[in-house]
Amino acid sequence: MTRDRERDVATASQAVVDGATVDTATGRLAESDISSQRVHSIFSRIAGRYDLFNQLSSMGIYRLWLKRVVRIAAARPNDRMLDLAAGTGDVSFAIASQSATPPASIRVTDFCQEMLDVAQQRYEAGAAGGVPCSFQVVDAQDIPFEDGSADLITCAYGVRNFPDRHKALEEAFRVLAPGGRYVILEFSTPPFAPWRVLYHAYLRVMIPLIGGILTGDRSGFVYLNDSIRAFPDQRTLARALESVGFTQVTWKNCSGGIAAIHSAVKPQ
Ligand SMILES: C[S@@+](CC[C@H](N)C(=O)[O-])C[C@H]1O[C@@H](n2cnc3c(N)ncnc32)[C@H](O)[C@@H]1O
């Protein structure tokens, strides 16, 4: 890692714990609009091909990570679930259809209407296996729901895209009921250096190539590479969760730390 990049990741790490807005592509301090507009524009353009890209670029491994999310979330029959940055609904529908005891209801939310449109089409085709879902445009940094109105919150590949990550964690904490759980799936930092070098090379070269071919929008996938490399590591995200009040914060690495699943509890 170059000195500049190390400094940027350190800035982003400080910001997620202490609270400051960053440019999610670099980790440098910046107005939140820069990142929000860029991310919104990327996802509204690629919404229709997002699922195909996910499957091909991860060679199916993404499905295994989702299964772990379902296990760690351990939904209960009375849970009011809220999925933040839900995109096309993968986490919502995996939890609805694969949990031993599915939640009572799911609010599927995202700040990009085009992604939610795909989620809604999948729902209408039966993806939630009978669990009632509602769909709403929501910015995860400013959630329009009451305090304590959710028992389980999930967020997959969302936190990295929020310029104000600290505020987003505070919002999830506020909306959870006491005893409620927050489960975050996010790309992360492989602790074993040779694996990390290989992974970063794959991100830099293959992701823009595959993304460009499948969606015709290479720049969105250059952003994906940049934002993953500028995102704080597992330990820092855990500290940030604790800094807003969460307890029992743990994480499990997926595929040697390419991604990590954090889970945290709002105390009773
Ligand atoms: C990589 S996709 C992940 C989608 C889905 N969770 C999944 O697992 O496939 C990131 C999503 O985050 C959404 N997003 C980015 N910033 C957001 C924000 N501030 N509030 C809510 N959603 C946001 C994007 O619109 C996009 O749908």
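Read the numbers this way: they start at 1 and go in the same order the structure lists the ligands and their atoms.
Below 4.0 Å from some heavy atom of Tyr62 lie the following atoms of ligand 1, by number and element: 7 (C), 8 (O), 9 (O). Heavy-atom contacts of Gln141 reach the following atoms of ligand 1: 19 (N) (cutoff under 4.0 Å). Ligand 1 places these atoms under 4.0 Å from at least one heavy atom of Asn161: 10 (C), 15 (C). Using a 4.0 Å cut-off to heavy atoms of Cys112, the atoms of ligand 1 that qualify are 25 (O). Contact atoms of ligand 1 toward Asp139: 18 (C), 19 (N), 20 (N) (distance under 4.0 Å to a heavy atom of the residue). Annotation for ligand 1: atoms under 4.0 Å from non-hydrogen atoms of Ala156 are 3 (C), 5 (C), 6 (N), 8 (O). Every atom of ligand 1 is numbered from 1 in the order shown, and the set under 4.0 Å from a heavy atom of Phe162 is 16 (N), 17 (C), 18 (C), 19 (N), 20 (N), 23 (C).
In this structure, the protein non-hydrogen atom closest to atom 20 (N) of ligand 1 is Ala140 N, 3.0 Å.
The shortest N/O to N/O separation between Val39 and ligand 1 does not fall below 3.5 Å. In terms of polar-atom proximity, defined here as any N/O pair under 3.5 Å, Asp110 does make such a contact with ligand 1.
Aromatic ring centroids of Phe231 and Phe187 lie 6.0 Å or more apart. Taking the six-membered ring where the residue is Trp, the centroids of Tyr62 and Tyr157 are separated by under 6.0 Å. With ring centers used as reference points, Phe111 lies 6.0 Å or more from Phe43.
When Phe53, Tyr50, Phe111, Tyr157 are checked for heavy-atom proximity to atom 14 (N) of ligand 1, Phe111 turns out nearest. The closest heavy-atom contact to atom 6 (N) of ligand 1, among the options Ser41, Ala85, Ser32, Gly87, comes from Ala85.
Thr24 and Tyr223 form a side-chain donor-acceptor contact under 3.5 Å, judged by distance and modelled atom types alone.
Judged purely by atom type and a 3.5 angstrom limit, Asp18 has no side-chain atom pairing as donor or acceptor with the backbone of Ala15.
The closest approach between a heavy atom of Val138 and any atom of ligand 1 is below 4.0 Å. Under a 4.0 Å heavy-atom criterion, Trp65 is not in contact with ligand 1.
Residue Phe192 qualifies as open at atom CZ: its count of foreign heavy atoms under 6.0 Å is 12 or below.
For the pair Asp8 and Arg5, the salt-bridge criterion is not met [side-chain N within less than 4.0 Å of a carboxylate O].
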Steps toward salt bridge (Lys or Arg N to Asp or Glu O under 4.0 Å) verdict (Arg3, Glu6): CA-CA 5 Å; Arg3 277 256 164 79; Glu6 269 175 25; 5.1 Å; no

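Asn253 and Arg68 make their closest contact through O-NH1, 2.9 Å (heavy atoms, listed as atom of the first residue, atom of the second, distance).
Contact annotation for Ala86 and ligand 1: only backbone heavy atoms (N, CA, C, O) come within less than 4.0 Å of the ligand.
In the hydrophobic clustering of this structure, Leu52 groups with Trp65; members are Ile, Leu, Val, Met, Phe, Trp, Tyr whose side-chain heavy atoms approach within less than 4.5 Å, directly or through other members.
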